[in-house]
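Chain identifiers are assigned alphabetically (A, B, ...) following the order of the sequence lines, protein sequences preceding nucleic acid strands; residue numbering begins at 1 within each chain.
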Number of protein chains: 2
Amino acid sequence: MAKETRLRILKAAQLAFSEKGFNGVSVEEIAEMAGVNKAVVFYYFPSKADLFAAVWEQSISELEEHIFEEIKDESVYLKKVKKFLKSYIDFVRNKRDIMKLIEREKVGVLSEKNDSIISRKLKEKYKNFVKKIVDLLNEGKELREIPNEVSAEETANIITNSIGATIFDPNISLENMEKIILRTITK
Amino acid sequence: MAKETRLRILKAAQLAFSEKGFNGVSVEEIAEMAGVNKAVVFYYFPSKADLFAAVWEQSISELEEHIFEEIKDESVYLKKVKKFLKSYIDFVRNKRDIMKLIEREKVGVLSEKNDSIISRKLKEKYKNFVKKIVDLLNEGKELREIPNEVSAEETANIITNSIGATIFDPNISLENMEKIILRTITK
DNA sequence: GATTAATCTTACCACCTGGTTAAAAATTAG
DNA sequence: CTAATTTTTAACCAGGTGGTAAGATTAATC
């Protein structure tokens, strides 16, 4: 066992939180799923909230890396933005549990009420991800590929909030989503 | 007191659930907010889940009625769809707690694996609301005001998931959102 | 092989949870 | 005014919660 234990707990927590949400799952459940004793969880993570923080940061990172790694070599803007949407959709399809976690906990993370250092960091993490999309869109405006009346912040908001939500409605076609979004941002 | 007690509990629960989510709030908390004894809550609602169900159904109804009441007299399609967006935005602005509740619990309601009669009804309630938007959009396609390549289901998905989410980001301009959505659905 | 450090287990705790019960208070009906 | 009914109260319960303490086991260091 030894060193991979922490990772097993993280993975189990990711799945558990994605299925039942932070408040819907107990540390004992997570421990069972990871095949470890409950106290071991607290050995590796000071509290349930800290465990969640670790899961959140890792989940956003995975999404972020998956999307932006694939488009970084593309220099033709329109191709880049198309690749961006494709890889976003790809992530929703293949990493359903991570996407579900993000969708489920987004509200709790962004909800302004709690202002502890830990929750401010989680908020930051997510906002930073969105900002990268805003930057991508602004790049297109500078290149005159995206019309000026399409504001980047709001478009990024539309993209992030509507693509992820599709996992809760099996009838939604991601291809149609892609088509509509592309239609919206291009002339 | 007497008959209005039930309503006070409902209102308190609506606020409580919107702020902390179903699992994040206890029945005792709700009771305190409503100014009643905890047992009174169980006197009016058989269980916490039933209380939530009542809150959910009422919240969706309020949103639904607010939006569709205002547009039912409009016969010019483009005006109707513009009014629709305006009243949607109006609701987000003025009924923040209800919107927050819907945004927060949407995931839980839609992804509930347990197919109990109660949770199936909640899912149904929300899907029915979305369907009304789909119908509105399809009406526009029949009237040739909305292009065929803009699929109604996916557009409704975009609208419902992105407008509501704005409450968690104070920097998002609802007017810009409106502009973008209008741009998307019209030629 | 002994010492030290890292990891894991068992047992426990105080508190909170949704929910119940039986009786008291308030309201309504006769 | 009294009896029946509705509404509210306080006290309680069994099970679960996040979290802790102390010791046992394993692994690393000398």
Side-chain angles (χ1 to χ4, degrees), chain A residues 1-57 101 104-105 108-109 113-114 116-119 122, chain B residues 1-57 101 104-105 108-109 112-114 116-119 121-122:
Chain A
M1 252 183 231
K3 208 65 192 180
E4 96 240 43
T5 307
R6 205 190 114 100
L7 217 127
R8 285 230 316 285
I9 294 169
L10 260 175
K11 277 278 175 195
Q14 193 174 54
L15 186 62
F17 286 144
S18 84
E19 273 173 353
K20 301 185 174 185
F22 179 78
N23 283 316
V25 84
S26 70
V27 178
E28 184 133 35
E29 268 182 273
I30 294 168
E32 272 169 31
M33 286 169 71
V36 300
N37 189 285
K38 184 178 69 155
V40 176
V41 176
F42 287 102
Y43 174 76
Y44 285 99
F45 303 92
S47 72
K48 190 188 178 185
D50 283 279
L51 170 58
F52 174 78
V55 169
W56 179 258
E57 301 236 15
L101 172 97
R104 194 187 271 277
E105 298 303 326
V109 169
K113 272 243 164 176
N114 50 39
S116 63
I117 307 158
I118 172 166
S119 81
L122 303 191
Chain B
M1 257 184 226
K3 209 64 193 180
E4 98 241 38
T5 307
R6 204 192 116 100
L7 217 128
R8 285 230 314 288
I9 295 169
L10 259 175
K11 277 278 176 193
Q14 195 175 52
L15 186 62
F17 286 144
S18 84
E19 274 175 351
K20 301 184 175 186
F22 180 78
N23 283 317
V25 84
S26 70
V27 178
E28 184 133 37
E29 268 183 272
I30 293 168
E32 273 169 30
M33 288 169 71
V36 301
N37 189 285
K38 185 178 68 157
V40 177
V41 176
F42 288 103
Y43 174 76
Y44 286 99
F45 303 92
S47 73
K48 190 188 179 186
D50 283 279
L51 170 58
F52 175 77
V55 170
W56 180 258
E57 301 237 14
L101 172 97
R104 196 187 270 278
E105 297 303 326
V109 169
E112 209 57 67
K113 274 179 230 125
N114 98 60
S116 65
I117 307 156
I118 174 167
S119 81
K121 253 186 75 181
L122 302 192

Revision key, fill the gap. B/Tyr43 OH to C/dA22 C1', in whole Å, measures 15 Å
Practice item. Would you kindly give the CD1-to-C1' distance between B/Ile9 and D/dT9, to the nearest whole Å? Key: 14 Å
Point to revise | Length of the line joining A/Asn23:CG and C/dT17:P, which is rounded to integer Å | key: 10 Å
Review point. Mind checking what makes side-chain hydrogen bond (donor to acceptor under 3.5 Å, both in side chains) contact with A/Glu32, not counting sequence neighbours?
Key: none
Point to revise | Nucleotide C/dA22, atom C1' - distance to CG of B/Asn37 in whole Å | key: 14 Å
Practice item. Measure the distance from CD on B/Glu4 to P on D/dT6 and round it to the nearest whole Å. Key: 19 Å
Check your understanding: What distance separates B/Arg104 CZ from A/Glu105 CD, expressed to the nearest 0.5 Å?
Key -> 9.0 Å
Review point. Which atom pair, heavy atoms only, marks the closest approach of B/Asn37 to B/Ala39?
Key: OD1-N, 2.9 Å
**Study point:** B/Phe22: partners by ring-ring contact (aromatic ring centres under 6.0 Å, His included), with sequence neighbours left out
**Key:** B/Phe17, B/Phe52
**Study point:** Per-nucleotide protein contact string for nucleotides 16-22 of chain D (B base, S sugar-phosphate only, - none; heavy atom under 4.0 Å)
**Key:** -SBBBB-
Review point. Does A/Thr5 place a side-chain N or O at less than 4.0 Å from the phosphate oxygens OP1/OP2 of C/dT7?
Key: no
Check your understanding: CD/A/Glu19 to CD/A/Glu29 distance, rounded to the nearest 0.5 angstrom?
Key -> 9.5 Å
**Study point:** Residues that A/Asn23 engages under side-chain hydrogen bond (donor to acceptor under 3.5 Å, both in side chains), provided they are two or more places apart
**Key:** none
Check your understanding: In which stems does DNA chain C show up, taking only runs of three or more Watson-Crick or G-U wobble pairs whose two distances fall under 3.5 Å?
Key -> C:1-30 with D:1-30
Check your understanding: Closest approach of B/Trp56 and B/Leu101, non-hydrogen atoms and distance?
Key -> CZ3-O, 4.3 Å
Exercise for review: Go through the structure and list residues passing side chain to side chain contact (heavy atoms under 4.5 Å, CB included) with B/Phe45, not counting sequence neighbours.
Suggested key: B/Arg6, B/Ile9, B/Leu10, B/Leu51, B/Ala54
